[in-house]
Protein chains: 2
Amino acid sequence: MSHSRVDVAERIDNEACPLTEVLERVAGKWSIGILVAAAQGPVRFTELERAIAGISRRMLTLNLRRLERDGLLVRTVYPTVPPKVEYSLTPMARELHTSLSGLVGWAERHRADITTARAAYDASAVDAGTAS
Amino acid sequence: MSHSRVDVAERIDNEACPLTEVLERVAGKWSIGILVAAAQGPVRFTELERAIAGISRRMLTLNLRRLERDGLLVRTVYPTVPPKVEYSLTPMARELHTSLSGLVGWAERHRADITTARAAYDASAVDAGTAS
DNA sequence: CAGGATCCATGTTGATACTG
DNA sequence: CAGTATCAACATGGATCCTG
């Protein structure tokens, strides 16, 4: 039945546009890290800040807001002093965990391969340039 | 045993940095679309261009080069006239298919939820601003 | 057909400083 | 602690024109 190549191509054509927008949030540079880090349970702002390494306060805040806005994170403020804010995944976001871990696992497994591939690609590009 | 929260946080801290770089390529705005479209078999440039909808020639080329450089795509040039170029996934990239489909499936299932969540979030934000 | 090259508008990120 | 505000640097993306 209709699982020809045209079929899939059309599916992407028709739905990837809004889908792209959705995927961008989920699969953006920092989102995966945040989502994975928050998967263990409620996480505090500072915990995330340290867990995600290269992220700036600004970017963390922005991403948290976006994820909250899209219904992936719940932000809980405890009106104590000093302030305490916890972020946790919504059920919808929890459904992502498998795919996200899959992605992270893949990245871990193939990090070296990718580095190698890059070096090889760059080397042959240089060769082509040097071939005069 | 050691799957405490500190454990996971450290794992992310130590490895997410280069990992982030890897994930960016895979999870970038267009990469998923390209990878999914190419999963069906060799795809030509123009096929991709039409399949991915909003993408420009420039962005498609750039992304194809990056994916090729990272060893996720193989570019095959047929020296015919007019030229014919096909892109196909490497075995490494094929391993991603499950996770990627999972992501796409999730996005499809929850697109409406996300739209709703956004509207709700924005509405309450407006309320707060209007509450003078 | 499948790009490469260039210019320019825009968005994204980081650094820094300040706050309830 | 958990942000917000502002500015400057940089990357991203689109439009346009050109080519083997």
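Below, read A as the first sequence line, B as the second, and so on, with proteins coming before strands; counting in each chain starts at 1.
Separating the CD atom of B/E68 from the P atom of C/dG3 is a distance of 9 Å, rounded to the nearest angstrom. Atom-to-atom, CZ of B/R44 to P of C/dC1 comes out at 8 Å; the value is rounded to the nearest Å. Between the CG atom of B/L64 and the C1' atom of D/dG13 there is a distance of 15 Å, given to the nearest Å. Atom C1' of nucleotide D/dA2 and atom CZ of A/R75 are separated by 8 Å, given to the nearest angstrom. Distance, B/I34 CD1 to D/dG13 C1': 14 Å, rounded to whole Å. Computed from coordinates, the A/R65 CZ to C/dT12 P distance equals 17 Å when rounded to whole Å.
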Nucleic acid footprint by protein, nucleotides 13-20 of chain C - heavy-atom cut-off 4.0 Å, B for base, S for sugar-phosphate alone: BBB----B
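Judged by distance alone, the side chain of A/W30 and the main-chain N or O of A/L64 form no donor-acceptor pair under 3.5 Å.
Comparing A/E24 and B/K84 by the nucleotide of DNA chain C that holds the closest heavy atom to each, the one mapping nearer the 5' end is B/K84.
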Residues B/V26, B/L72; criterion side chain to side chain contact (heavy atoms under 4.5 Å, CB included); working and verdict: CA-CA 9 Å; B/V26 167; B/L72 295 174; 4.1 Å; yes
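Transitive grouping of hydrophobic side chains (ILVMFWY, heavy atoms separated by less than 4.5 Å) keeps B/V77 and B/V81 in distinct clusters.
Within the nucleic acid shown, B/Y87 comes within 4.0 Å of sugar-phosphate atoms alone, with no base atom in reach, counting heavy atoms only.
Exactly one of B/T76, B/L73, B/V74, B/L67 qualifies for a side chain to side chain contact (heavy atoms under 4.5 Å, CB included) with B/Y87. That residue is B/L73. B/E49 pairs in a salt bridge (charged side-chain N to carboxylate O under 4.0 Å, His left out) with only one of the listed residues (B/R58, B/R57, B/R44), which is B/R57.
Residue pairs meeting the salt bridge (Lys or Arg N to Asp or Glu O under 4.0 Å) criterion with at least one partner in residues 26-35 of chain B, sequence neighbours excluded, do not occur; the list is empty.
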